[in-house]
Every structure is written in C-alpha cells, then in structure tokens.
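Read the structure below first, then the notes.
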Amino acid sequence: MAKTFVVFDFETVSACDLKVSGASAYAEHPSTDVLCLCFKVGGQQPEKWVPHHDSNDRLISLIRAGAVFVAHNAAFEKSIWKYIMVPRYGFPPIPLEQWHDTMAVCAMRAVPQKLDAVVRTLNLPGEKDMAGSRFTISLSTAYRKKGEYDRSKEALDRVVAYCHKDVEEQTLLHYRMGWLPPGERKVWLMDQLTNERGIGLDIPYIRACQKIITDTMTPLAAEFTSLTGLSVGQNAKIISWANGRGMALENLRKETIDDLLGSEDEEPDLSDNTEVRMPWEVRRALTIRRMIGSSSVKKLQAMDRVTNSDGRARYALNYHGTAPGRWAGRLFQPQNFPRPILHYDDPKFSDQEKADLVVSVLRTGDAEFVRGVFGDSFSAVITGLRHAIQAGKGKMLVAGDYAGIQARVVLALAGQHDKAAIMAAGKDIYCDMASQIYKRPIDKKRDPEERHIGKNAVLGLGFGMGAKKFFDNYCEGKGLEFSFIEHVIKVYRNEWAPMVPRLWRGLTTAATKAVWNPGTAYSHGPITYKVIDKWLTARLPSGRLIWYFDPIKSREAMPWDEFDIRASFTFKAWKNGRMKEVKAFGGLLTENVVMGIERDIMVDGWTKLEAAGFPVIMNVHDELVCEPDAAMADHKVMEQIMSDGPAWAKEMQIPIAVEGWTSPWYRK
DNA sequence: CGGCAATGCGCC
DNA sequence: AAACGGCGCATTGCCG
C-alpha cells in the first residue's frame, strides 16, 4: 500500500477514569481534554499538535489528502477525535476508511495487544517510557482527587516527550507488523462499524435492578458478617472459619456448596443424610453466600459506567480477541450474561412473555414486590440481566444463533458426513450416539439419562478428551463406573466418529512437519500449515490464516506412555497477562481450527446481514444480534440470511441451521 | 496506592 | 492408543 500513513497518539487528561469508563464514555466526559497529539508522517520527524498552540492546518491537509491514521488501539484515538477534536477544536471528522489499528494486527497475529508487552515480545528496539506514562497518568489522578492538575509548561513538555517516544515505538511496531490482509481489513471495518453503533442499554432499568440488589443484599450481608465476622467475598477465610466449626470444606465452588446444601432452595432432608451434620450457623452463612455471592450482578454497575449519554455502550467487543479469531468481550463482557435461572415452567407463557414479565416487574425497583412475584429477588435480577440490552426507539432486536455449530463443523471437517447428515436432517444426534453406546434404541422421553451421556459425548469428545476428564466433568455423583466411561470414549472414537481421531492425527502431523521444515506447506484436508516469519500459520477453508507465535520443534513424551516420544512442537500464547509456552497436540489444533471455521461462518452471516439492512450490534461467538427498524424486524428473514453459508462451507458439506428470536430486549 | 497473581464464575 | 479449548471480570491478598 503506497499510501501516506500517519502514526499518531493522544495524551489526555481527565477527572474520569479511563479504565473504569472505557474509551467512549471517557472521551465524552466533559472534564476530558487533549494535552497533546504527537504524529509521525512516514519516516519523517515526529510532529506535535497542542491545543491553542499549534495550527490545525497540517493535520487537516493530511486528512483531506486521504492519509491513513495509524493508532494503537484506534478505539481511543477515534473516540477522542469524535468527542473532542471535532466539536471542541473544529477538525473535520476522519472517515473510518482512513483508520488503521496496529493493535488489531497484533491480535490477529496472536502477540500481546498491550504496546509495551508486544514491543518486548518482538524484541523491538527501545522500550516504552514507563516513567513518562506514570507521569501522564498522575495528572489525571490529581485531577480526580484534587480537582486540578499541573498545567505548567514543564509538565506539558514532559508529556509531549513521552508521547513522541510512544509514536516512535508505534511506528516501529507498524513497520514490523504491516497492514491487515484485505479480507481481515474488511472484517475489521465491519467490527468498527458495529462497535461505533454501540449496544443500547436501558439505564433506568439497570438502576432499578441495582436498587433491588442493594435492598436485598444489605440485610443479608449484615447477617453474614454478624455470623462470620467476614464478608462474602473472603473465600479463604470463610473456608477456615467453617473448618474451625467442624465443617470440612475444600473450596467454595458452586458445585461443592450445592452438594452440601441441596441444589434446590429448600433445605436438604437431613434425616436421609447422616454424613452432613452441619452447624446451623455454617449452613446459614453458606446459604447466604450462595444467594448473594454471584458477582454477575456487578455487570449492572459496569454497564452504567461505560454508557454514553445517548444510552449506548461502545467498543464492548474486541476484534480477534482470541487466537482463532473470535471476538472477546470488554467493559461489561456482553458475551457472558448468565442464562435465566428463575424456574417457572408454566407452558402458558412463551419465552418472550416470561422476559416481558421479568422486565416489567424489575422495572419497579421494589425488592419486596419482586420477591412477592418471583420468590427470590436476587435470582430475578440475574435472570433479567440480559434484558438490560434493549433496542433503540423505533427499532427491535433480532438475533440468530448457529445451532450445534461446533459439532457440525468438527464432523464435516473430519469427513464424518454420515453423522453431520443426521444433524442436517434435524434428527436427534444425542440419541444416535447414546444408541450406539448402549447398543439399543434410545428415546428422548424414555431414556433422558442415557441421552444425556450421548449429548456430553457428542459435544465433548470432538477434541480428544480422555476418560478421566470426561468422568470428572460429567459423571460426578451419578454412580457410573469408570470402565463404562472408557467404553463411551471407545465407542466415539472407534465406532461413532472414527474419522475424528484421524483428523487429530492428520492435523498434528501436518503442523509438526511444517514447524520442522520451515517454509514448506503441509496439508491435511482443507487445512494447510506453513511457517511464515516467526509464526506457524494454519490456512482455513475461507483462506484466512490462524497464527501461532514462535513455534519451536521439540520431542514430547505422550501422556499415556512416557516412553512414547514423538516429534512435536511448542509455541507461545498470551495467557494471564504474559506469553506462555504451550505444547501443541491434536485436540488443541483441531479445536483452534474448528473455532476458526465457526468464526468465518459467522463473519459471512454478519457481512450478509449488514448488506441486507440488519445492522449488527454484537456477537456471542455463534450468535449475532441485530437492531433493524421495527417494521422489518423478523428473525425468520435473519435465519434465512445466516443459513446460506459461504461457498466453501457448502463445499465442505457443513450443514448450517440457525435459530432466532425477535424482541425489544436481549434474551436467551 | 497501583500492579500482579491466584481463585472463582459467567459464557460459547 | 490419544491430552477439551477459548475468553473477561471481580475479589482478595501480597508486594513495592
């Protein structure tokens, strides 16, 4: 691309906390202002723009000339431009097509997104001016605490020096990483369009829910403290407190506590259970903790904080936040809203009517009333959490999700088309699997337990899980023999989907060869591995690449036999805030590729929806949510658009089915 | 006080 | 023969 590019970086000051509010709400906050903008045109010397000191002309002519503005985390620079530079300082808007984000490239290539971390990872010369960074941040901290900050020339010079250094660093990063490839450039532009639209949040509803939580929690939290002397979050201390009262507890995980207290709201029948002789105060404390310990209601506060004055939260989705290419959630993590936990199975009500009822009752903000209607106000709020996302005026939410997509993709990719066809025909695949396990016909109504084993097998065994893990994950307290689980695993691998283990093997072999012979391409089916630069890449059927950083050939003993040592490789991945070595193996490689294919199917649907007048506002990996005009809101249309998968998916014989809903508020 | 690691929990 | 993976956030508790 022989276009002029301008690497640029703002330093700002504000009484608003960027980490708490997110880029968009931060930029809109009235106290937020630009300290300086540093920019570097191509290989030229860095330049600066300081409000009220420097002329706008230079930047305006760059914008008019169609220069590309390169930022690291463009969401921030774009937001400052939109909310401050245009209205306050009279600059013209910069069209979306004139932005580029080095962070997006880092995300795609599976290296850290944080500037200082990626500079270290790639061994780029120089380093981030941490002292300058701290100094700049300290201005905002002072502003927040004392209502004023150091506006001296010396302070500004220090900030400008830091900003110059950052721009130099970002320029090196841009030279090292380059642009997004054309396909991903289109995806990123679509991502930005979606993130700019934002997610509509019903703030009065959110505040009513918060009031219910406060009113419900305050007395219970006080009771907990008077019983234990602790708060509900102090897990380690709660455990030793309980242990000190003769109640042995290993952890406070939900499952452990449910087993102890009984999984329903009622007290368990103690006459039936001689092992559990729990002191009443321990029982009461654990019951309270179970009721109010869920931190998912903290989303309410987060949603409130990050929402712009027009009622929309922006940049809550992070392009390519995961290595295989899925989006990651930010700010209030819109991708992990709890599923409804209120159980009212009244068949008179549809899911939509249930959602409507929950919203109208919660909107009162009256904890007593909510308890009267639903029994438990806390559970009601958790159930209603999703509904905080609402359609704008004259709009409607329409959603569609790809049914059973993971199982469909892994089976089709493996070439196990007989089983994929069963799913395509809409038959019960879990009963099919269970029938093969139990060697007799399994009926959904008559044999729910058997079918459940079949379901876990279909969903869980596609990526090489072994008997031990399967047993630990799905079989606790069910009285199943370990040898039976070994049988289940054997049936899946040898009888039900024998092509799938071949896929694990094939991908392992191809990827390992590619690492051991850099530059040469090795394929298994439609997947091709090849080392490019410092990365191993996997080419997916869509043509997109998945990237693995720093692959290194190794020899590894197999977990099932320490003397079975094979050619293998490791790579590095971002985990818990650092680059960690990861051992490659068949299940992992298969899962990455499958997730990548699912993502590309979703991107295909997303693209078609945008073209058809269904503006997308968010995705949850296999689910797209749109916000069209109410007049054209019809999930049947959406299902049709999404079901027509990409040409390459047809070629692979991936059966695609979509299930949707239409609603004024987000729901399951 | 902020940064960082560990733990727990929500989703696909 | 055969190893589930991918995330973000809140909280505590420790460190400098």
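Protein chains get the first letters and strands the later ones, always in sequence-line order, with residue 1 at the start of each.
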Contact class for [X] (heavy atom, under 4.0 Å): base, sugar-phosphate, or nothing?
X	value
A:Trp560	base
A:Pro338	sugar-phosphate
A:Phe337	sugar-phosphate
A:Lys490	nothing
A:Leu252	sugar-phosphate
A:Gly464	sugar-phosphate

Between [atom2] of [N] and [atom1] of [X], the distance in whole Å:
X	N	atom1	atom2	result
A:Tyr474	C:dC4	OH	P	10 Å
A:Tyr492	C:dA2	OH	P	15 Å
A:Met618	B:dC12	CE	P	10 Å
A:Glu556	C:dA1	CD	P	22 Å
A:Leu385	B:dC9	CG	C1'	13 Å
A:Lys583	C:dG5	NZ	C1'	17 Å
A:Phe463	B:dC12	CZ	P	16 Å
A:Leu461	C:dG5	CG	P	14 Å

Sorted by chain and residue number, the ring pair (Phe, Tyr, Trp, His ring centres under 6.0 Å) partners of A:Tyr430 (sequence neighbours excluded) come out as none
Exercise for review: With A:Lys299 as the cation and A:Phe337 as the aromatic partner, state whether NZ or CZ is under 6.0 Å from the six-membered ring centre and within 45° of the axis.
Suggested key: yes
Phosphate-side-chain proximity, [X] and [N], N/O vs OP1/OP2 below 4.0 Å:
X	N	result
A:Gln335	B:dG10	no
A:Arg134	B:dC1	no
A:Ser231	C:dT12	yes

Residue pairs meeting salt bridge (Lys or Arg N to Asp or Glu O under 4.0 Å), one or both in residues 558-576 of chain A, sequence neighbours left out, come to A:Asp550-A:Lys572, A:Asp564-A:Arg566
*Taking only residues two or more places apart in sequence or in another chain, which ones pass side chain to side chain contact (heavy atoms under 4.5 Å, CB included) with A:Asp166?*
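A:Asp166 satisfies side chain to side chain contact (heavy atoms under 4.5 Å, CB included) with A:Asp9, A:Glu11, A:Leu115, A:Lys128, A:Tyr162, A:Gln170 once adjacent residues are dropped.
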Check nucleotides 2-7 of chain B against the protein and report each pair of N or O atoms closer than 3.5 Å, with its distance, or say if there are none.
from	atom 1	to	atom 2	distance (Å)
B:dA5	OP1	A:Arg578	NH2	2.2

Please report, to 0.1 Å, the donor-acceptor pairs under 3.5 Å made by any side chain of residues 456-474 of chain A, with sequence neighbours excluded.
from	atom 1	to	atom 2	distance (Å)
A:Lys468	NZ	A:Asp472	OD2	3.2

Partners passing salt bridge (Lys or Arg N to Asp or Glu O under 4.0 Å) against [X] (at least two apart in sequence or in another chain):
X	result
A:Lys298	none
A:Glu591	none
A:Arg158	A:Asp129
A:Arg502	none

Defining pairs by Watson-Crick or G-U wobble geometry with both distances under 3.5 Å, how would you list the stems of DNA chain C with at least three pairs each?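 Stem list for DNA chain C: B:1-12 with C:5-16.
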Which residue pairs pass the ring pair (Phe, Tyr, Trp, His ring centres under 6.0 Å) test when at least one of the two sits in residues 549-574 of chain A, sequence neighbours left out?
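Output for this query lists A:Trp535-A:Phe549, A:Tyr548-A:Phe571.
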Given the options A:Ile527, A:Leu588, A:Asn592, A:Leu507 meets side chain to side chain contact (heavy atoms under 4.5 Å, CB included) only with A:Ile527
A:Tyr319 vs A:Trp327 aromatic rings, parallel, tilted or perpendicular, using cut-offs 30° and 60°? perpendicular
Note to self: Any N or O donor-acceptor pair under 3.5 Å from the base of C:dA3 to the side chain of A:Arg505?
What the structure shows: no
Here the pair of heavy atoms bringing A:Asn619 nearest to A:Leu317 is N-CD1, 3.6 Å
Each nucleotide N or O in nucleotides 6-9 of chain C that has a protein N or O under 3.5 Å away: list the pair and distance.
from	atom 1	to	atom 2	distance (Å)
C:dG6	OP1	A:Lys575	NZ	3.3
C:dG8	OP1	A:Arg330	NH2	2.8
C:dG8	O3'	A:Gly329	O	3.2
C:dC9	OP1	A:Leu331	N	2.5

